[in-house]
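Right, one structure below, let's go through it.
Read the numbers this way: they start at 1 and go in the same order the structure lists the ligands and their atoms. We use all heavy atoms of the structure for the numbers below, so side chains are in, but hydrogens, waters and symmetry mates are not.
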Amino acid sequence: MKAAVFHGPFNITADNVDDPKIKAPHEVIVKVLAGAVCGSDLWTYRGESAAALESRIGHEFVGEIVEIGNEVENLSVGDWVITPFRYSDGECAACKAGWQSSCAHGGFWGWDSDGGQGEYVRVPYAQATLVKLDEPPAAAAVPDLLTLTDVMSTGMHAASSAKIVPGDTVVVVGDGAVGQCAVIGAKLLGAGRIIVFGGKHPDRQALAKQFGADEVYSARGEEATATVQELTGGFGADVVLECVGSATSFATALTLAHPGGRLAYVGLPHGVSVDIAKLFRTNVTVAGGLCPARRYIEPLLPKVLAGDIHPGEVFTTRLPLADISEAYRQMDKRETIKVLVTP
Ligand SMILES: [Zn+2]
């Protein structure tokens, strides 16, 4: 079978790899029907993560079960399934409390099990990890469903962690796929006003508005701080959703909430440090972290199947797995918001 393999910085290609085999009775093999490249994959692509050379990559995929371990009870060959970006056993204290991303026996695709950018994936703890659909979805719904594996769940996690209440003024920092989905999440929780700070790409600005943003700005740093001050009568925003994870983005985000406000962060942090003394003076709550995507898939699923939300619009490019190096190139150059990878 073919799968994406990381050979070194800026060198990810679709190569022949061994077919996956069930190694434990709690596992299944999923045939990938659609996968994606994530902004967080770019840390590996650029050589800024600890990924081993020749390792598999990709953690967003949906597909069909083609083989099943003999301890797996509530799934069958032929089931159409959504996979959270981390597998989890569903039995440990963290899982039972809804923090599946901290599962004692969990792991990441590409690091602890097969990468998701490939034709087939071995899924550990399948019964707890996978969410199956009652029937195969319409082709048009697949991009929306694919976002539940990560970016839509993560955007929702940002909004939920910030405890958005109806009427809140919410600033979203970042116009990538997670920032876009955070706009949807904020809207679902009843935000009164949504202000997005991102880049200058007109397609990203238009999408944020389509998802429910009231205003979109390309300002950064002090200019962003001044803009939010101006827009909020010199007070600041009720809620800030940090959806980038860089040190500069986080530093800016911390200046945008008003005293007593809430900041949630869901972008994979790189080089971020927080000055607790500053938070002390402002009483700003900082929440968020690695999204327990498994917790969000089931509540978001009916909204996607009913067409109430269309997070799949973040996929502005579709490429076959054979062109995975081009998919990474386009993501890295910000020529596209997000790439959907077909087998
Ligand atoms: Zn667990």
Side-chain angles (χ1 to χ4, degrees), residues 20-30 32 35-36 38 40-41 44 49-52 55-65 67-76 79-118 120-133 145-161 163 178 181 185 245 264-269 287-301:
K21 289 194 172 61
I22 287 178
K23 293 181 181 171
H26 53 75
E27 298 178 344
V28 305
I29 304 294
V30 168
V32 176
C38 182
S40 63
D41 291 330
T44 295
S49 82
S55 61
R56 300 249 320 254
I57 186 166
H59 55 263
E60 302 175 357
F61 61 98
V62 293
E64 184 189 334
I65 295 177
E67 207 182 319
I68 200 153
N70 52 26
E71 256 178 30
V72 180
E73 283 178 0
N74 58 353
L75 296 168
S76 314
D79 280 348
W80 209 98
V81 290
I82 301 173
T83 317
F85 68 80
R86 204 171 186 278
Y87 62 82
S88 52
D89 66 7
E91 289 177 354
C92 72
C95 283
K96 284 187 171 155
W99 297 101
Q100 295 92 338
S101 51
S102 300
C103 174
H105 304 107
F108 288 102
W109 311 113
W111 297 78
D112 307 301
S113 186
D114 300 337
Q117 291 157 7
Y120 295 89
V121 175
R122 178 177 62 88
V123 176
Y125 304 110
Q127 200 168 309
T129 299
L130 297 172
V131 177
K132 73 168 175 180
L133 270 58
L145 294 166
L146 181 56
T147 66
L148 299 183
T149 66
D150 187 348
V151 292
M152 184 58 230
S153 294
T154 299
M156 196 68 223
H157 185 53
S160 300
S161 298
K163 300 192 175 2
V178 172
C181 290
Y265 71 104
V266 289
L268 183 63
L290 185 65
C291 170
R294 181 63 179 78
R295 186 211 295 180
Y296 290 100
I297 294 174
E298 277 155 331
L300 287 167
L301 190 54

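- Of all protein N/O/S atoms, those under 2.8 Å from the Zn ion (ligand 1) are D89 OD1, C92 SG, C95 SG, C103 SG, and waters are not counted.
- Under the 30°/60° scheme for interplanar angles, the aromatic rings of F85 and F108 are found to lie parallel.
- For the pair P124/H26, a side-chain contact is recorded, criterion being any heavy-atom separation below 4.5 Å from C-beta on.
- At least one donor-acceptor pair under 3.5 Å links the side chain of D114 to the backbone N or O of R122.
- A pairwise comparison of heavy atoms in T44 and A51 identifies CG2-CB, 3.6 Å as the closest pair.
- With T129 contributing its side chain and S88 its backbone, the two residues share a donor-acceptor pair below 3.5 Å.
- At a threshold of 4.5 Å between non-hydrogen side-chain atoms, the residues Q100 and R86 do not count as touching.
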